[in-house]
Amino acid sequence: MKFTLAPALLLASTQAANMNMNGDYTFSKTDGTEFSNYNTDFISKGYEFFDVYAGDITTQYSQTFWTWTGDVPLPQNIRDRYSNSSIAIVGYEVDQVIRGKTSDEDVSVPITHAYNHHYMAYVYGQDSKSIDVSCAPNEHMWGFRSDGTCPSYQKYKDDDPNTNPIPVMHFFSEGNGGEFRKSYHGYPAGTAQIINKPDNFNAIPMQIDTWNRDFDDDLFHLGPLPKIHGGPQNPDDLISSPLTECPCSDRLFKEVNKTYSTRLGGTCDGSKMDGVEGAFVPAAEECFSAVATMDVGVVSSTNEVTSSTLPTGCSFTPNVAIIGAVDVTFNDYKLSDYKLSDNDNNGVECGDVSTAQAAGKVTSDSGVELMLDLNSDKDLATITMSGPGDGWVGVGFSARAMGDEPYAIILHKEDGDEEFKLTERKLGNHEAGTELDSSLKLKSLKYDEPSNTRTAVFTRSMTGLTDDHYTFHLTGETSIPLISAIGSSPAFGIHKLHDTTTTISLETSRLGVNNCVCSLGTYGSICGHADENGNPDPTNCNAFPTGGVGGEDADPVVGVSNSLCPDAPTSDLMVTNNPTCTVETYRGGLRCCTHGNFLIDADQPDQWPNQTLTYSLKFRYYFQDYVEEDKSTRTPASHKDLPRIYWQTESFAGEYDIPKGVEDGVDGQTWVVDTTNPNGGYFTYTIKSDFKLLDATDGSAPEELVKNGGGIKFVYAGPHCHAPNCLGMELINLDTNETLCKMTPFYGQGDGKFDEIGFERLPPCVYDAGNSEDDKVLDAAPFVGFHQTLRTICVQNSTHDHFGQMASWQMRGTYEEAPTIE
C-alpha cells in the first residue's frame, strides 16, 4: 500500500505572494566569505514564474530511484505564449513535495527521509528531439544512470551552435544534490537560459529512501544499515544516514578480470595503483598466475629473488632447453621504493634494445584466433586471422569498446564478391565507421570445411599508413588489447558474437631476454542489480571502467575506455590510491546505486514492506520574455544565453571515496590541529584537478571565438559536494593566479524546514554582468580564456571513511571576445 507522511512530518510550503518558494539565499565571495547583501527574491524583481512537477517517485526503505520520470508538458499558458517565440529562464527553485490540491498546499518531504543525491532536468522546445546514445567513459557519472547510456536532447535545430543563436533545449543541474533546496539558482540581469518554443519537461532524479517509518517527525532516525558502510561505525555518532553514500551491499557481487601486458623496454610504472594499466604486478603468486594465463608458453619454473641485475617485478625468459616453455621470476628488489616515484631508480630495464622480433597468439571468446609476428628490422607485421567460415570476422586493435573508435581488420564478402576479402576500417561508436585505404598484402586465404574455419595470412608495415592505421611497436608495452567479433553472414554488419576482454601479448624468443609483465588494467562488472520489481538479478551487470591509463599518451578529455582515474594534474585519485579507481577496491557509490536497488543486505528484510513513499520534485522556473536583437535599430537582445560549464575535481570518476585519515602527509591526508576537537584535531583529504576551460564547455562554443582568443565571462559558479564531510571548494585561474570562487558549506542546525542537522547549503558565486545597478554589489564577472588553465580544489573531513563523494563545479557564463587591454 502507499504510505503517506503523518501530519507531524509535513513541512508547510505555503509562501507569501511576494516570496520565493524556498526563502532567501546567500552567496560565496571570491575570498571565501558568505555574502547576503543582495536581493534574492525573484518576484520582487518583476519576474514571472511557473511550476512543473516531475513524475512520481515511489520507494521503499533503502531503495534507490534513478531514472527518467517521464515527459511532462509545460503549463498550457506557457506553451501558448511562446509557441512562436523564446523564453528567458532567469532562475529556478527546486523542492521535493507531496502534491496538494493546489501549489500552495504542497508539503515538503524532509531530506532526512528522502535524500536527493542529485538531479538532472531538461526543458526542451518543440524543435528539440531526444537522443539516447552510448556514453564516452568520461561522461559525468557514466550517463547519469550508471548504465552506460547518455540520454540527452538536441540543443539546436541542426545541432550546430554556429548557425543557431537560440537553443531549443536547456539542461538544469546546478546545486543539484542535498544542497538543492537552499542553494541559489539564479543569474544576474540580462543573462538567462534561453529556450525557443518551450514545450516539455523531463528529469532524472537520483533519490535514496532513508526514512525510518517508526517515526513521523522530520528528525533523523537511523534505520537498518548494511554491514559495510561509510561514516562513523558507532550508530550513536551518526547524524545522517550512511545510505546516502550508496554502500555496496551484499546483494551485489563483482566479476573481476585482471589483465596483463608484456614489456620489452623501460619498466612497469611505479606511480600506478595496483590493477591500473602499466602498474607493477605486486606479488609473486599473482605474477606466476598471470604468466600462466597469457599464452606466452608453458611455465617450466617459477623463482622469487631479490636481485639488482634483473628487472624489478614480474618477468619471464624463454627456457633454454624446452621449446615453447618459459621461466618466470618475481624480483622484489626495491619494489616498495617505486611507489609514486619518478622511476629514476628502476635499475635493469625490460627487454633488450637490440630486440627486433616478437610474436604472440590468442583466441578470443568470440571464436576469433589471431597470430601476430613483428619484425622491426624489416618493418613487417605478419598477421594470421581465423574464425568461423560462414560469417565475417573482425578484430579491432588497442581498444576495449567500439566507442574507442579503433583501427580494425575485417574479413568479409559482400554481395557480388566472388571471394572473401580484407578491409581496414576506423570503427565508430557502435557504428561501422569508415573504410581506410588498404595497407594489407594477402599471402593466403584458406577454408577448412570439416572445422568450418576460414584463415587469412597477410602482411603490412608495422608503421601505420595513416594516423588512423594502428602502428605496431617492439618498445615499451608490447601487449595489445583487442576487440573481436563474428557475423552471422559473410556481409559485414551486426555481429553475432563479440568479445572485449582479449589481449595479445608479444614476446621475444631470444634466450636471456627478460620479457616483463605489467598490469594492463583490472576490468570487471558489478552484478546483481535490481530488476523492474526491485529484486536482485544476478545477470544484471554494469561494466566497471578500469582504473586509468595516464601517461603522456592519455587524452582523458576526448576519452579512452580506461580514463576513470587519469594522471595528475588532471586527477589526484590515482596518486592518492583512491579506492574508486578499481573494481576490486570499489566499496560504494553510484555504481552500487542503480535504479531500484535496495542498499541494505540480503539478510535484512524490509521492516516496512508495504509502506512506500510517493512524492515529486517540484521545479519553479522564473522567467522573462526574450526579445531578439534588432539590427535595424542596433538594439541588442534582451538577454545573453548561458551555456553550461562543468568540471569534476575527481575527473573523470564521477565520484570518489574519502579514505579514513591515518598518517599526515600520506595519500592526500593532512592532520589539522583543533583544540576544540576531543582528539586534538582531525584529518582532511584534499584532491585537485587542472583543466583547460574549453574542455569544461558543453561543445557549443563558437569556432571563431575559440580560434581567436575568446572565452567565457562567468556569471555563476556553483560548487557541488556532499554532506556530511565536505569542508570547502576553491576554483583558481592558474594563468592569472586569480581565485574565481571559494566556498565553505553551511550545515543545518535542526531549526525547522530546510535546516535538517547534517545537511548542507552551498552558497554559489554569482557575478555582476554589468547590466543592472542592483548587481553592482556582486563581484565583477571574471573573463577566462578558452585556453587558460583552471584548478579546482576540494577539502573533505577524513575522520571517517566515506563513499561516493563528489566535488564538481556547475557553472554558467556568456561567450565573449577577449577584453581589450588598455
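One-based numbering along the sequence shown.
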Exercise for review: Start with the C-alpha distance between Arg251 and Asp601, add both sets of side-chain angles, then the distance that settles salt bridge (Lys or Arg N to Asp or Glu O under 4.0 Å), and finish with yes or no.
Suggested key: CA-CA 6 Å; Arg251 296 171 186 253; Asp601 287 331; over 6 Å; no

Point to revise | Within the 6.0 Å centroid threshold, strictly below: Phe683 and Tyr685 | key: no

Exercise for review: Please check if the distance between the ring centroids of Phe803 and Tyr586 is under 6.0 Å.
Suggested key: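 No, too far apart.
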
Cut-off 3.5 Å, side chains only: do [X] and [Y] have a donor facing an acceptor?
X      : Y      : answer
Ser689 : Ser651 : yes
Ser479 : Ser505 : yes
Ser366 : His498 : no
Asn725 : Gln796 : yes
Asp379 : Ser461 : yes
Thr466 : Asp468 : no
Ser798 : Gln669 : yes

With a 4.5 Å heavy-atom cut-off, do [X] and [Y] have their side chains touching?
X      : Y      : result
Met462 : Leu474 : yes
Ser364 : Leu482 : no
Pro579 : Pro659 : yes
Glu286 : Lys258 : yes

Please report the closest heavy-atom contact between [X] and [Y], naming both atoms and the distance.
X      : Y      : result
Ile526 : Lys254 : CG1-CG, 4.4 Å
Leu372 : Phe472 : CD2-CE2, 3.7 Å
Gly360 : Leu506 : N-CD2, 3.5 Å

For atom [atom1] of [X], decide whether the heavy atoms of other residues, nucleotides or ligands shown that lie under 6.0 angstrom number more than 12.
X      : atom1 : answer
Glu738 : CD    : yes
Lys426 : NZ    : yes
Lys688 : NZ    : no
Asn737 : CG    : no
Asn234 : CG    : yes
Ile228 : CD1   : no

Practice item. Show the numbers, then the answer: is there a side-chain contact (heavy atoms from CB on, under 4.5 Å) between Thr478 and Asn515? Key: CA-CA 9 Å; Thr478 50; Asn515 297 265; over 6 Å; no

Rounded to the nearest 0.5 Å, what's the gap from [atom1] on [X] to [atom2] on [Y]? Could you check?
X      : Y      : atom1 : atom2 : answer
Ile658 : Thr799 : CD1   : OG1   : 11.5 Å
Ile504 : Ser484 : CD1   : OG    : 11.0 Å
Asp667 : Thr686 : CG    : OG1   : 12.5 Å
Ser315 : Asn514 : OG    : CG    : 4.5 Å
Trp671 : Asn679 : CH2   : CG    : 6.0 Å
Asp690 : Thr649 : CG    : OG1   : 10.5 Å

Review point. Would you call Arg587 and Asp657 a salt bridge, using N to O less than 4.0 angstrom?
Key: yes

Review point. Does the distance from a Lys or Arg side-chain N to an Asp or Glu carboxylate O, for Arg791 and Glu730, drop under 4.0 Å?
Key: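 Not counted as a salt bridge, because no side-chain N and carboxylate O are separated by less than 4.0 Å.
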
Can we say the SG-SG distance for [X] and [Y] is below 2.5 Å?
X      : Y      : result
Cys268 : Cys516 : no
Cys721 : Cys726 : yes
Cys592 : Cys248 : yes

Practice item. Name the orientation class of the two ring planes belonging to Trp647 and Phe691 (parallel below 30°, tilted from 30 to 60°, perpendicular beyond 60°). Key: parallel

Point to revise | Candidate pair Arg263 and Glu349, rule salt bridge (Lys or Arg N to Asp or Glu O under 4.0 Å), full reasoning | key: CA-CA 10 Å; Arg263 174 173 281 273; Glu349 293 193 355; over 6 Å; no

Exercise for review: Examine distances only and state if a side-chain atom of Asn319 and a backbone atom of Ile322 form a donor-acceptor pair shorter than 3.5 Å.
Suggested key: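 A pair under 3.5 Å: yes.
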
